[in-house]
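In the text below, chain A, chain B and the rest are named by the order of the sequence lines, each starting its count at 1.
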Amino acid sequence: MPETMTPTKTKASTVKSDAPPTGRKRLVKGNEALALGALAGGCECFFGYPITPQNEIPELLSGWMPKLGRVFLQAESEVASINMLYGASACGHRAMTSSSSPGISLMMEGLSYIAGAQLPCVLINVMRGGPGLGNIAPSQSDYFQACKGGGHGDYRCIVLAPWNAQEMFEFPGSAFELADRYRMPVFVLTDAVLGSMLEPATVPDLEQLPPPPKMDKPWATTGRGNRSHKNVANSLYLVPEDLTEHNERLQAGYREALREVRYDTRYLEDAEYVVAAFGISARVGYSAVNMLRKQGLKVGLFRPITLWPFPEKALAELARKVKGILTFELNCGQMVEDVRLAVNGVCPVEFYGVAGGVLPAPEDVANVVRKMMK
Amino acid sequence: MRDEDIAVVEEMECVFSRPEALTDKAFHYCPGCTHGIVHRLVAEMIDEFKLMDRTVGVCPVGCSVLMYDYFECDMIEASHGRAPAVATAVKRTDPNRFVFTYQGDGDLASIGMAETVHAAARGDRITIFFINNGIYGMTGGQMAPTTLIGQRATTSPSGRDERLTGAPIGICELLSSLKGVAYLARVPLTSPKNLKDARKHMRKAIRAQLEDKGLGLVEFLSTCPVQWKMEPIAAMKHIDENVVKVFPPGVFVDCVGDLQK
Amino acid sequence: MEKVHVEVNRCKGCGLCVEFCPRHCLELAAELNAIGYHPARNHDAEKCTSCALCADMCPEGAITIHRKKRSKSA
Ligand SMILES: Cc1ncc(C[n+]2csc(CCOP(=O)(O)OP(=O)(O)O)c2C)c(N)n1
Ligand code: SF4
Ligand code: SF4
Ligand code: SF4
């Protein structure tokens, strides 16, 4: 795995490009970048229900989409939203919803149906604090929900975790490409800080957006037209052998999707200790790494971009070279379980995290790394 | 074909056969269950309006969960109660489609009440065929929101008690206040004459969509002989004698109007 | 060709066609069909008017109705 160990190199997935090249650099808010990115990525219809801290996404789309001849509908609930996604995606359209943690919880049954029927769609979760009503402060507590199921049955979602406004713009488009390629739901998993942060990013103006791509989806329930057979969107297989076979088909697709694994690394060639973090905590973690580097300490950053598929091979190789890995998350320890599984005891893995909305400072993370180094 | 056959065929004409929109597959319903009648009526309508190439049907979770096997058109199997939300998206992403849902009373009036009411309130251009058999058929005869007072069900073993569980919900009465509804009618499936009325209602509920007027819904007072523990004919008599008193048949909303002759 | 053709192995012997035939020319057979029901049959083709009411009430879509072409009989 040589090239991935070089600094600031991002492992490319097979997705052709994350974003159309057109655009200009300007200050853009994370949620706005997501909304623009969805349109640039060919989102044909959006269904959602208001919830803080992601309301700018539906608010912006409600103005933009009708102008572009695309469908926007504020649903009566997240339950309705996800089932609208199911209908639209069954008909072959690029469909998206966005919500925040409690709303995503309500979508889990529908998501399981979408996965079971092998339909592509994109969900954005701008995570907030939980459990329960929690609060509207930033959190990464829905890692398990996004990566390990959330709904019932053996299904998977690809999960993309952006860490700046540029990726907030690019990832919805990547998500649509991946969703269509593997016919499965894709999450963009982000949080309240990234959603409301203003940052420079290269994004197109609304007028520059390309129309949604015309795609051939021979399985779609568009109405038969002059097709010789009917299409059915379905996840019901009453005969156990049939459901087993269907599950094997799904799993085979998930195994294919493993090749889409993406991660970003900084200062790993000589690193003795590594901070592993995603999304906003990778930003904080990277600042901590830079502070420690200035003090001459050999510390690097490992940032999973796809949380599923998880970059377990890269981490396993890394574990053989380093003295320890600190997993830093805004939760009580979720991704750390995957890190430990990947590392498999080869080097020590420690966890630092807080849940509830408190964002630790880089200094806090640096202190934990220093303690590890002793 | 032999010559004699041709001679016979020439004398006789077919006046009633299975609609083309139905597949050949035999229904899995219990003997005398009216699900089969409504399936056939829906298929007749698809044939009559020549809608096959642009129809997308949305099936429920309930006894009719397998109905996608019985129809020749494209079908989507929705989760329990959410068919109107699914149908809303199917229609809005391409208004040229003809979109119908087919839902039982547990599906539509209990778990899916919110989706039903909001699709109706928005006036989504979809057509809903609502099978009210007053009970949960598929799961084994539990009480539904439409179960009659005093009616026994497996979760109301001594009869539905209004003080404990409220009174049956009249979906037509409930939805008739919503502006988005363009056609709304209730009909019992208990005689050839009533089936004739049912067809009239279905035509209008379909035209409500095709003529861009709003949501159309037909409620069919249906039998569930097995969970009611009645013979099929007795079940129909029960509707005529008792069920219609709680759920009076008729047209509740008609913004569609009659076609000029 | 029969006026009333019951597709025997689709029939579930529910008796609705028998009940709603205004001419009382249907009955359930004593023998069982392939799926274990007593299928309906037309025992009096003379009386049958091909009105199709029986077919209309059949939940299985098991009945096909033919009638003599009117032009010929006129
Ligand atoms: C979320 C969810 N809850 C419960 C069920 C179980 N369930 C299946 S069908 C059904 C009720 C069906 O009753 P109804 O809609 O009246 O249709 P019928 O079977 O009488 O035709 C229920 C509760 C389910 N499939 N999904
Ligand atoms: S249980 Fe009731 S509703 Fe279901 S198929 Fe049997 S008779 Fe029909
Ligand atoms: S066609 Fe009419 S008369 Fe003949 S068997 Fe059927 S119901 Fe009776
Ligand atoms: S109505 Fe149909 S299923 Fe019932 S007995 Fe007659 S032919 Fe058979």
Practice item. For chain A, find which of B/Thr88, B/Val56, B/Asp94 contributes the most heavy-atom pairs closer than 4.5 angstrom. Key: B/Val56

Exercise for review: Could you have a look at A/Thr222, A/Val79, A/Asn226 and say which one has the most heavy-atom pairs with chain B under 4.5 angstrom?
Suggested key: A/Thr222

Review point. Does the distance from a Lys or Arg side-chain N to an Asp or Glu carboxylate O, for A/Arg227 and B/Asp53, drop under 4.0 Å?
Key: no

Exercise for review: Decide if atom NZ of A/Lys148 counts as having more than 12 heavy atoms of other residues, nucleotides or ligands within a radius under 6.0 Å.
Suggested key: yes

**Study point:** From NZ (A/Lys230) to SG (B/Cys73), nearest 0.5 Å
**Key:** 7.5 Å

Exercise for review: Please say whether more than 12 non-hydrogen atoms of neighbouring residues, nucleotides or ligands are located less than 6.0 Å from CG in A/Asp154.
Suggested key: no

Review point. For A/Ile136, does the CD1 atom have more than 12 heavy-atom neighbours from other residues, nucleotides or ligands under 6.0 Å away?
Key: no

Check your understanding: Which atoms of B/Phe98 come close to chain A, meaning under 4.5 Å heavy atom to heavy atom: side chain ones, backbone ones, both, or neither?
Key -> neither

Practice item. Would you check if the side chain of A/Asn234 reaches a backbone N or O of B/Glu77 as a donor-acceptor pair within less than 3.5 Å? Key: no

Exercise for review: To the nearest 0.5 angstrom, please state how far the CD1 atom of A/Ile82 sits from the OG atom of B/Ser79.
Suggested key: 9.5 Å

Practice item. Apply side chain to side chain contact (heavy atoms under 4.5 Å, CB included) to the pair B/His118 and A/Ser77, showing each step before the final yes or no. Key: CA-CA 10 Å; B/His118 284 276; A/Ser77 69; over 6 Å; no

Exercise for review: Look at A/Glu109, A/Arg70, A/Met84, A/Glu44 and state which one has the largest set of heavy-atom pairs under 4.5 Å with chain B.
Suggested key: A/Met84

Check your understanding: What part of B/Val99 lies closer than 4.5 angstrom to a heavy atom of chain A: side chain, backbone, both or neither?
Key -> neither

Check your understanding: What are the two closest non-hydrogen atoms of B/Ile76 and A/Cys91, and how far apart are they?
Key -> CD1-SG, 4.5 Å

Review point. Just wondering, more than 12 heavy atoms not from A/Tyr49 lying within 6.0 Å of its OH?
Key: no

Point to revise | Atom of A/Leu238, atom of B/Leu66 and distance for their closest heavy-atom approach | key: CD1-CD1, 3.9 Å

Point to revise | Verdict with reasoning, B/Arg54 to A/Arg224, per side chain to side chain contact (heavy atoms under 4.5 Å, CB included) | key: CA-CA 6 Å; B/Arg54 56 191 181 109; A/Arg224 274 180 68 157; over 6 Å; no

Review point. Does any heavy atom of chain A fall under 4.5 Å from the side chain of B/Thr93, the backbone, both, or neither of them?
Key: both

**Study point:** Region of B/Arg97 in contact with chain A, defined by heavy-atom distances below 4.5 Å
**Key:** side chain

Point to revise | Part of A/Ala220 lying under 4.5 Å from any heavy atom of chain B | key: backbone

Review point. Quick one: what part of A/Val232 sits under 4.5 Å from any heavy atom of chain B, side chain, backbone, both or neither?
Key: both

Check your understanding: Are there more than 12 heavy atoms of other residues, nucleotides or ligands under 6.0 Å from atom CD of B/Glu20?
Key -> no

Point to revise | Residue among B/Ala78, B/Ala83, B/Ala85 with most heavy-atom pairs under 4.5 Å to chain A | key: B/Ala85

Check your understanding: When you measure from the side chain of B/Arg82 to the backbone N and O of A/Gly110, does any donor-acceptor pair fall under 3.5 Å?
Key -> no

Check your understanding: Contact part of B/Asn96 toward chain A, heavy-atom cut-off under 4.5 Å: side chain, backbone, both or neither?
Key -> neither

Practice item. Pick one of side chain, backbone, both or neither for A/Leu73, based on which atoms fall under 4.5 Å of a heavy atom in chain B. Key: side chain

